[in-house]
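Some notes on the structure that comes next.
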Amino acid sequence: SSKELVVLFTSSVDEFAELGESWKEAEWKDQWEAFEYIIPLLLGQDYRVVLRVHPNLANKPNKTRRVTREAIEALSSKFPELEVIEPTSKTNSYDLLQIANLAIVWISTIGLEASQMGVRTICLSSSEYDLVADVKRWLKREDVDFEALRNWNVDIVSSMKFIAGIFALDHNANHLLPKYGLNPVEFGKGIPLFSNKWAMRNTNNIANLVSILLPSGIFVRLRKIYRRIKF
C-alpha cells in the first residue's frame, strides 16, 4: 500500500485491574472507546489502519475472550477498512513495527519497544514508561493532535534509558547496551522510581508509598497477608 501504516496494539488490561486509581488517568472508558474514536480520524488522515490483537488473548479466560471478540467485531463492522490481525496469526508484531509509521497502544510495553525502534508512538492510557520514553499521551479526546506528529523525530535514547534502568534493577546489563553508550547502573534507581505511576501520581496513598520504599518481594508478601486478613 502507498498509504502510511498505523498499527493499533490491543492490551491485556485485566493484568492491570487492581493497580488502583493512579493508573487511570485516561478519560477513555476503555481501549475500545478510544479506538472507536481514533480510527475514523486515522482513516480521514488517509492512514492504512491495522489492529493487532494481543497474542496472549488466546490464553485468557472464556469471558475475557468473548468480551474482546465482541469489541473487535463491533469495530470491524463499523469500520470495514480496518484490518484485524488475530492473536493466533503468525504475523510478527515487530515485523509490523519495521514498516509502521505510527504505533498506538493502550498500556502495552510494545509501545516502549516501538519508541526505541524510532517509531512514533501514542499511549492512550498510563503505562510504565510514558513519562520517560519519547511517546505522546492521548489520554482524552482533546489530546488527539495529528499536527503534533509532523516532523517528529523520535528520541530513542529516552526509551533506552528507561530500559537500561529497569535492567539494572536485577541484572548486570552493561554488556547488553554498549553501542548506545549508556551505563545501565546510572539509571538503576532514578528511572524506575520516577517513571512509576504510584510514585508520581498517587503519593497520598500510604500503601503506594510503602510499595516504593519496600523491596518488591517483601511488599507482595505483605499484601497477600493483608488480603487474607481482610477477606
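Heavy atoms only, all atoms of each residue included: S108 and S11 are closest at N-OG, 3.2 Å. Looking at every heavy atom in both residues, E33 comes nearest to E27 through OE1-O, 4.2 Å. Nearest heavy-atom pair, L97 versus A103, reported as atom, atom and distance to 0.1 Å: CD2-CB, 4.0 Å. The minimum heavy-atom distance between A26 and L124, with the atom names listed, is CB-O, 3.4 Å.
Checking side-chain atoms of W138 against main-chain N and O of D143 turns up a donor-acceptor pair under 3.5 Å. Using modelled atom types, no side-chain atom of D130 and backbone atom of S126 make a donor-acceptor pair closer than 3.5 Å. At least one donor-acceptor pair closer than 3.5 Å links the side chain of N101 to the backbone N or O of L5. Checked by atom type and distance alone, the side chain of R120 never pairs as donor or acceptor with a backbone atom of R150 at under 3.5 Å.
Criterion: ILVMFWY side-chain heavy atoms under 4.5 Å apart, direct or through other members. Under it, V84 and Y47 are part of a common hydrophobic cluster. Under a hydrophobic-cluster definition in which Ile, Leu, Val, Met, Phe, Trp and Tyr are linked whenever side-chain heavy atoms come within less than 4.5 Å, directly or via other members, V154 and I122 are assigned to the same cluster. Hydrophobic clustering, with ILVMFWY side chains joined whenever heavy atoms are under 4.5 angstrom apart, keeps V53 apart from V67. In the hydrophobic clustering of ILVMFWY residues, with side-chain heavy atoms under 4.5 Å counting as a link, W32 and L139 come out apart.
Here E86 pairs with R69 in a salt bridge; the nearest charged N to carboxylate O distance falls below 4.0 Å. Ionic pairing of E4 and R48 is not present here: no N-O contact between side-chain nitrogen and carboxylate oxygen is shorter than 4.0 angstrom. Salt bridge R137/E25: present, at least one basic N to carboxylate O contact under 4.0 Å.
Looking only at side-chain heavy atoms (C-beta outward), L82 and I39 come within less than 4.5 Å of each other. Residues I163 and Q116 have side chains in contact (heavy-atom distance under 4.5 Å, counting atoms from C-beta outward). Annotation: side chain of L8 is in contact with side chain of V49 (closest heavy-atom distance under 4.5 Å). Contact of the T10 side chain with the Q31 side chain is registered, since non-hydrogen atoms from C-beta on lie closer than 4.5 Å. Counting only heavy atoms from C-beta outward, the side chains of C123 and W106 never approach each other to under 4.5 Å. No side-chain heavy atom of I104 sits less than 4.5 Å from a side-chain heavy atom of V7. Looking at S159 and Y129, their side chains never come closer than 4.5 Å, going by heavy atoms from C-beta outward. Two residues are said to be in side-chain contact when any heavy atoms from C-beta on lie closer than 4.5 Å; L42 and L102 meet this criterion.
Distance check: L96 CG to S89 OG gives 8.5 Å after rounding to the nearest 0.5 Å. Note that CD of Q98 is 4.0 Å distant from CE of M117, once rounded to the nearest 0.5 Å. Atom NZ of K161 is separated from atom CG of D155 by 7.5 Å, given to the nearest 0.5 angstrom. Distance check, rounded to the nearest 0.5 Å: CD of E113 to OG1 of T121 gives 10.5 Å. The distance from the CZ atom of R52 to the OG1 atom of T91 is 6.5 Å, given to the nearest 0.5 Å. The distance from atom CD1 of I110 to atom NE2 of H54, rounded to the nearest 0.5 Å, is 8.0 Å.
In summary, the aromatic rings of F35 and W28 are positioned with their centroids too far apart to meet the 6.0 Å limit.
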Could you walk me through whether D134 and W152 satisfy the side-chain hydrogen bond (donor to acceptor under 3.5 Å, both in side chains) test, starting with their C-alpha distance in whole Å, then the side-chain angles of each, then the deciding distance to 0.1 Å, before giving a yes or no?
CA-CA 10 Å; D134 184 17; W152 174 17; 3.2 Å; yes

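For N153, the CG atom counts as loosely surrounded, since its 6.0 Å shell holds 12 or fewer non-hydrogen atoms of other residues, nucleotides or ligands.
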